[in-house]
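Sequence lines set the chain letters: A, B, ... in the order given, protein chains first and strands last, and positions in each chain run from 1.
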Amino acid sequence: MAIKFYNTLSREKNAFVPFEGNTVGLYTCGPTVYDYAHIGNWRTYIFEDILRRHLEYSGYKVTQVMNITDVDDKTIQGAISNKVKLDDYTAKYIQAFYDDRDLLNVKPADFYPRATQHINEMVEIIKSLLDKGIAYKVDDGSIYFNIDKFAGYGRLSHFRIDELKAGNRIKSDEYEKAQVSDFALWKAWDANDGDVHWETELGKGRPGWHIECSSMSRKYLGDTFDIHTGGVDNIFPHHENEIAQSESFTGKKFVHYWMHSEHLQVDGRKMSKSLGNFYTLRDIVAKGYDPMVFRYFVLGAHYRTKLNFTWQAMDAAKSAIEGLYDFMSRLDIHNPSGMDDAVKHAVEAFRDAMDDDLNTPVALAAVFGLIKDVNIHGAGGKEVYEAMLDMDRVLGLKLADHVSDKAADIPLEILALLEERQTARKSRDFAAADRIRDEIISAGYLIEDTPEGPKVKKA
RNA sequence: GGCGACGUACCCAAGUGGUAAGGGAGAGGUCUGCAAAACCUUUAUUCAGCGGUUCGAGUCCGCUCGUCGCCUCCA
């Protein structure tokens, strides 16, 4: 079965065929570093990570670019109100972004271009758009894109320009734009920007938001590339504007496949920084959840459906992933167990699910199907272990960290207590045995009395 | 007002017209000195409601109700 992706542009699932050979250019809209990324941001980044991992799993060579927006209204205001340089202000959040990424086992992109380091590339495109008469400069020096000059405007979001004009709630008298739906390519400096500005051929100012993605994607992936992703809220205006800018500039098709992830909601409402109802990964870790629990939670729903974040749902995810880890810890990773047919079946089901527009819930069901087969059979061996790790190349749930021989991690004094308890049990001194058991439990370990004897693991 | 998505068991969640995956929780059971853990079994004659198309609809069409989103910075 070939890979199929839902393309926002066509509004249907299409077979995925790379533009060139088996290489895939992937541009993923990244963070604006004025604060910690919230878990809704992370849902999207995890989706993009799954996309990239599945492409690689399927044999493609992926070049992933994720921009870092380190200059905009919020970063400038943050720097000013904290009385630090813009770069110093954003540095903290860029580092936090990388830290969280690693905690969530999201693979690093190949490039993390920063807007502030690509001003020249943006100026080049804006100049060209001015020359072509597609962009225009207003009295204060700002430059806008005239959306009437791009015939395909609205193709991605399915908005019509006249509808936008009618429905637009911006007070147009605040702007000098020719029409409210035109968007800024270059913002002339004003006092609110403090010392944040660039002196360029366009004048003194800073770039608009949309142009950074057009210029940086072009620099690292070329005029045309395969996949562009982001959250659904980016469809309009951000991605619509990117198409307009890039295609007006190059005269070529910008992107073949547009993929967008739905929002994570909190208690049934959209989460956003401006609404202030957001959690960060730090909040989740502070509540005692392993970051992998959140990753599992995200994978439990398809990326194009809204997912409602609740602590109850997190607890369910925690139980489920602990079950996976427990299963890993019981596998005999050295000897085969004759489960090759079940393994083959599960991996095929897994692959089919992922090929079908990254259907992670069904892929997880394939994993659980294998677990059930193995449990009924009695025990899992080497081939099961290898299959689990194979599927985890895509899932990224760190299953390898939970394989057997965990006894090595148990402190000697705990093992000694376990020995003492066994002695007490054999002499039928259950009061002493239970006392020792309580001691072991309060030390943070769990005893499992199995037919093969007692085992200890971390609680 | 314009555009759009969604509504599946106690909770989360798949489901491409052919007879409701999976996970969590609950309930039974196996094991155990007891417990815990683990494992097994089990839990929707039904998919918001009402009509329609069809041999057949959770899946297609229409209407109603409800929820959410985009149209403004936003993953």
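Of the listed nucleotides (B/A13, B/A75, B/G4), B/A13 has the atom at the smallest distance from the side chain of A/L307. Here B/A21 is the nucleotide among B/A75, B/A21, B/G4 with the atom lying nearest to any side-chain atom of A/V362. Closest to the side chain of A/N359, out of B/A13, B/G15, B/A75, is B/G15.
B/A9 sits 12 Å from B/U46 when the P atoms are compared, rounded to a whole Å. When the C1' atom is used for both B/G15 and B/G29, the distance is 31 Å, rounded to whole Å. Separation of the C1' atoms belonging to B/U16 and B/A20 is 15 Å when rounded to the nearest angstrom. If you take atom P in B/G28 and the same atom in B/A36, they sit 12 Å apart, rounded to whole Å. For the C1' atoms, the distance linking B/U43 with B/C60 amounts to 31 Å, nearest Å. For the C1' atom pair drawn from B/C65 and B/U30, the interatomic distance equals 48 Å after rounding to whole Å. Nucleotides B/G49 and B/U59 place their P atoms 10 Å apart, quoted to the nearest Å. A distance of about 25 Å separates the C1' atoms of B/C61 and B/U45, rounded to the whole Å.
Using a 30° and 60° split on the angle between ring planes, A/H238 and A/H210 fall in the tilted class, from 30° to 60°. The aromatic rings of A/W258 and A/H228 lie parallel to each other, with less than 30° between the two planes, well short of the 60° mark.
Pairing of B/G62, defined by two Watson-Crick or G-U wobble distances under 3.5 Å, is identified with B/C50. Base pairing analysis places B/U16 opposite nothing; no Watson-Crick or G-U wobble pair with both distances below 3.5 Å involves it. For B/C34, there is no paired nucleotide, since no Watson-Crick or G-U wobble pair has both relevant distances below 3.5 Å. When Watson-Crick and G-U wobble pairs are counted only if both distances are under 3.5 Å, B/A57 pairs with no nucleotide at all. Base pairing annotation: B/C39 forms a Watson-Crick or G-U wobble pair with B/G29, both donor-acceptor distances under 3.5 Å. Of all nucleotides present, only B/G69 satisfies the Watson-Crick or G-U wobble test against B/C3, with each distance under 3.5 Å.
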Yes or no on side-chain hydrogen bond (donor to acceptor under 3.5 Å, both in side chains) for A/S214 and A/E242, after CA distance, side-chain angles and deciding distance? CA-CA 6 Å; A/S214 282; A/E242 279 184 52; 4.9 Å; no
Residue pair A/H260, A/N234: steps toward the side-chain hydrogen bond (donor to acceptor under 3.5 Å, both in side chains) verdict: CA-CA 8 Å; A/H260 295 94; A/N234 279 157; over 6 Å; no
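For RNA chain B, none of the residues of residues 99-107 of chain A falls under the heavy-atom distance limit of 4.0 Å.
Rounded to an integer number of Å, the gap from CD1 of A/I235 to C1' of B/C73 is 16 Å. Note: CG (A/D356) to P (B/G15) measures 7 Å, nearest angstrom. Put simply, CD on A/E348 is 21 Å from P on B/A21, counting in whole angstrom units. If you measure from atom CZ of A/F5 to atom C1' of B/U16, you get 17 Å, rounded to the nearest angstrom. Nucleotide B/A13 holds its P atom 14 Å from the CG atom of A/L299, rounded to whole Å. In this structure, the CZ atom of A/F236 is 13 Å from the C1' atom of B/C73, given to the nearest Å. Taking atom CD of A/E12 as the reference point, atom C1' of B/A5 lies 17 Å away to the nearest angstrom. A straight line from NZ of A/K426 to P of B/U32 spans 15 Å, rounded to a whole angstrom.
Nearest-nucleotide positions on RNA chain B place A/Q312 closer to the 5' end than the other of A/K306 and A/Q312. Take the nearest nucleotide of RNA chain B for A/R11 and for A/T44: the residue whose nucleotide is more 5' is A/R11.
Counting non-hydrogen atoms under 4.0 angstrom, A/S261 reaches nothing in the nucleic acid. Contact annotation for A/L264: base contact, defined as any heavy-atom pair under 4.0 Å involving a base atom. Residue contacts shown for A/H302 are limited to sugar-phosphate atoms, with no base heavy atom under 4.0 Å away. When heavy atoms are screened at a 4.0 angstrom cut-off, A/G300 is found touching the sugar-phosphate backbone but no base atom. Within 4.0 Å of A/E48, counting heavy atoms only, lies no atom of the nucleic acid at all. Backbone-only contact: A/A320 has heavy atoms under 4.0 Å from sugar-phosphate atoms and none from a base.
Considering only side-chain N and O atoms, A/T305 lies under 4.0 angstrom from the phosphate OP1 or OP2 of B/A14. For B/C71, neither phosphate oxygen OP1 nor OP2 lies less than 4.0 angstrom from any side-chain nitrogen or oxygen of A/S157.
Between A/K318 and A/E322 a salt bridge is recorded (basic side-chain N to carboxylate O distance below 4.0 Å). Remark: A/D356 does not engage A/R351 in a salt bridge, criterion side-chain N to carboxylate O under 4.0 Å.
Residues satisfying the salt bridge (Lys or Arg N to Asp or Glu O under 4.0 Å) test with A/E262, not counting sequence neighbours, are A/K306. Legend: residues meeting salt bridge (Lys or Arg N to Asp or Glu O under 4.0 Å) with A/E439, ordered by chain and number and at least two apart, are absent. The salt bridge (Lys or Arg N to Asp or Glu O under 4.0 Å) test applied to A/D315 returns no partner, not counting sequence neighbours. With sequence neighbours excluded, the residues satisfying side chain to side chain contact (heavy atoms under 4.5 Å, CB included) with A/L103 are A/D100, A/L281, A/P291.
Taking CD1 from A/I376 and CE from A/M339, the interatomic distance works out to 9.0 Å, rounded to the nearest 0.5 Å. Taken from CZ in A/F111 to CG in A/L221, the straight-line distance is 8.0 Å, to the nearest 0.5 Å.
The neighbour count for A/H345 NE2, taken as heavy atoms of other residues, nucleotides or ligands under 6.0 Å away, does not exceed 12.
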Spell out protein contact along nucleotides 33-43 of chain B as letters: B when the base is contacted, S when just the sugar-phosphate is, - when no protein heavy atom is under 4.0 Å; keep the 5' to 3' order. BBBBBSSSS--
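In terms of polar N and O atoms assigned as donor or acceptor, the side chain of A/K74 comes within less than 3.5 Å of the base of B/C73 in a complementary pairing.
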